[in-house]
Protein chains: 2
Amino acid sequence: MKFAEGRKIDTDGFDLERFLPYLLNQAAEATSRSFQEVYRTTYGMTRTQWRVLANLGRFGAMTARDICRISHIEKTKVSRAIAALERDNLVSRRESKTDRRAEILTLTPRGEERFAELGHRAIEHDRQVRARLGPDVAEQLASVLRMLIADAGKSQSGPDDAQDQ
Amino acid sequence: MKFAEGRKIDTDGFDLERFLPYLLNQAAEATSRSFQEVYRTTYGMTRTQWRVLANLGRFGAMTARDICRISHIEKTKVSRAIAALERDNLVSRRESKTDRRAEILTLTPRGEERFAELGHRAIEHDRQVRARLGPDVAEQLASVLRMLIADAGKSQSGPDDAQDQ
DNA sequence: TTGACATGGTTGCAAATGCAACCATATAGC
DNA sequence: GCTATATGGTTGCATTTGCAACCATGTCAA
């Protein structure tokens, strides 16, 4: 009778409520959605645009490729977000001295201002989310998420190396 | 001098690496992306289609509205996913006896089969994700995420009550 | 019964996205 | 220097999406 049973591995009966990618997606949507109201209805910005702005605001001048690398957003998405931000006069470009393909991106004063406003609101939003979890749990959650994100780009990678959505 | 300082609340300087919606989005993308390969390249399905299939497979026959409620996916997305699944002969509809607006959705045998295959692969994928965290952390993570998801629909809700993405 | 409003579901249309192909410059090998 | 290949970034095109408007049925109340 072998090793009896009791170790019927759940190789059958997929349990959606336990599936982490699904839970992560739902939680991400749930927490992002309400904040979206802020940048969307107030400023007519896209999620990607807000994220690119936030990266530039937080980390300072850098190239589009840098943004891709640290935010894991796909490069065409970043490219278009930058174009839109530039149209709105929130971001400006200047050619890199060392690599004429690359362009250094900087927030304009207007961009800094917008980042400050949205950052302010984001902090408040984050505070509300964390309040529901308690400070310790929230901090642990953040650290686990960072772990998952870091492991991301492992394994295979297609031609040109795409990412995100 | 009031209560001195030391309690300079972080009302300034937004810290992107601490912003939970951002971390959740990245983690969700990171963990979903590789599994997407499976349903996308193998079966040509979208994420929404896979999710709707998974809900029907896991919870049995129900209406589109039920799927919306439990999965927090917006109703037009569900509607179109169902239409696609029906075209692929994975889902069938029958009119509800009690409400002629509603349609009860069921997986066809082919749909059950596909769900079994994908469920199988999903379990394997989930196992890999959890392996990086360890069983306890993974379980805690899942429970925290469920908490965030549950709190979701709170606060305001627009006309007709939309949700998700 | 008859409105008035809620609800299940679909559709039109504009916007956002993914992916592959592309341009221009860089870099490496010869 | 010259070709082959890699890299930063943009663009074309097909898909997916969001949102509002819509249709049909249901419900509640006068």
Side-chain angles (χ1 to χ4, degrees), chain A residues 25 29 32-34 36-37 39-41 43-52 61-88 91 93-105 157-165, chain B residues 25 29 32-34 36-37 39-41 44-52 61-87 91 93-105 157-165:
Chain A
N25 263 297
E29 273 314 313
S32 296
R33 184 147 274 274
S34 54
Q36 171 169 313
E37 277 309 292
Y39 53 74
R40 185 170 161 274
T41 72
Y43 298 113
M45 291 173 71
T46 299
R47 189 123 100 207
T48 309
Q49 285 165 32
W50 147 242
R51 289 215 208 164
V52 168
M62 59 182 155
T63 69
R65 184 57 184 156
D66 294 332
I67 296 178
C68 291
R69 261 190 273 268
I70 64 180
S71 70
H72 300 278
I73 307 179
E74 205 245 352
K75 64 180 188 170
T76 65
K77 241 164 116 172
V78 170
S79 173
R80 288 192 252 244
I82 292 168
L85 293 172
E86 195 183 23
R87 271 194 296 279
D88 285 353
V91 161
R93 326 182 184 222
R94 84 187 114 90
E95 201 178 64
S96 163
K97 303 291 184 193
T98 59
D99 185 340
R100 280 187 2 219
R101 294 168 303 180
E103 301 188 290
I104 317 286
L105 306 165
S157 65
D160 211 340
D161 170 69
Q163 285 282 35
D164 196 62
Q165 321 272 17
Chain B
N25 263 299
E29 272 314 312
S32 295
R33 184 147 274 275
S34 55
Q36 172 169 312
E37 278 308 293
Y39 53 74
R40 184 170 162 275
T41 71
M45 292 171 72
T46 63
R47 191 122 100 208
T48 311
Q49 285 165 32
W50 148 242
R51 288 215 208 163
V52 167
M62 59 183 155
T63 70
R65 185 55 186 156
D66 294 332
I67 296 177
C68 291
R69 260 191 274 267
I70 65 180
S71 70
H72 300 277
I73 307 177
E74 204 247 352
K75 64 181 188 169
T76 65
K77 239 163 119 174
V78 169
S79 172
R80 289 192 251 245
I82 292 168
L85 292 172
E86 194 183 23
R87 273 194 295 281
V91 161
R93 328 181 183 222
R94 86 187 114 89
E95 201 178 65
S96 164
K97 302 291 184 194
T98 58
D99 186 339
R100 279 184 7 216
R101 293 170 304 181
E103 301 189 290
I104 316 287
L105 306 165
S157 63
D160 211 339
D161 170 67
Q163 285 283 32
D164 196 61
Q165 324 270 17

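Lettering follows sequence order; numbering is per chain, from 1.
Rounded to whole Å, atom P of D:dG26 lies 5 Å from atom CG of B:D99. Whole-Å rounding puts the B:L85 CG to D:dT16 P distance at 12 Å. Here C:dA16 presents its C1' atom at 12 Å from CD of A:E74, a figure rounded to the nearest Å. The interatomic distance linking B:D66 (CG) with C:dG8 (P) rounds to 9 Å, in whole Å. In this structure, B:E86 places its CD atom 13 Å from C1' of C:dT10, rounding to the nearest Å. A straight line from CG of B:N25 to C1' of C:dA16 spans 15 Å, rounded to a whole angstrom. With rounding to whole Å, B:W50 atom CH2 is found 24 Å from D:dT15 atom P. For the pair B:K77 NZ and D:dT15 C1', the interatomic distance rounds to 13 Å; values are reported in whole Å.
The side chain of A:R80 has D:dT11 as its nearest neighbour among D:dT11, C:dG9, D:dG9. Closest contact between the side chain of B:K75 and the listed nucleotides C:dT25, C:dG9, D:dG9 involves C:dG9. Out of D:dA24, D:dG9, C:dA26, the shortest distance to the side chain of B:R101 is found at D:dA24. Each of C:dT17, D:dC19, D:dG9 was ranked by its minimum atom distance to the side chain of A:R65; first place goes to D:dG9.
Each of B:Q49 and A:A102 was matched to the nucleotide of DNA chain D holding its nearest heavy atom; the match closer to the 5' end belongs to A:A102. Comparing A:K97 and A:M45 by the nucleotide of DNA chain C that holds the closest heavy atom to each, the one mapping nearer the 5' end is A:M45.
B:S96 is linked by a side chain to side chain contact (heavy atoms under 4.5 Å, CB included) to B:T98, B:D99, B:A102, B:I104, counting only residues two or more places apart in sequence or in another chain. Annotation: side chain to side chain donor-acceptor pair (under 3.5 Å) contacts of B:S79 (sequence neighbours excluded): none.
Contact annotation: A:R69 reaches the phosphate of D:dG8 (side-chain N/O to OP1 or OP2, under 4.0 Å). A sub-4.0 Å separation between OP1 or OP2 of D:dT10 and a side-chain N or O of A:T76 is absent. Look at A:S79 and you'll find a side-chain N or O under 4.0 angstrom from OP1 or OP2 of D:dT10.
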How far apart are the C-alpha atoms of B:Y39 and B:R47, what are their side-chain angles, what is the distance that settles it, and do they pass the side chain to side chain contact (heavy atoms under 4.5 Å, CB included) test? CA-CA 8 Å; B:Y39 53 74; B:R47 191 122 100 208; 2.9 Å; yes

Can B:M62 and B:I70 be said to form a side chain to side chain contact (heavy atoms under 4.5 Å, CB included), step by step? CA-CA 11 Å; B:M62 59 183 155; B:I70 65 180; 3.7 Å; yes

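In this structure, CG on A:N25 lies 9.5 Å from CD1 on B:I73, to the nearest 0.5 angstrom.
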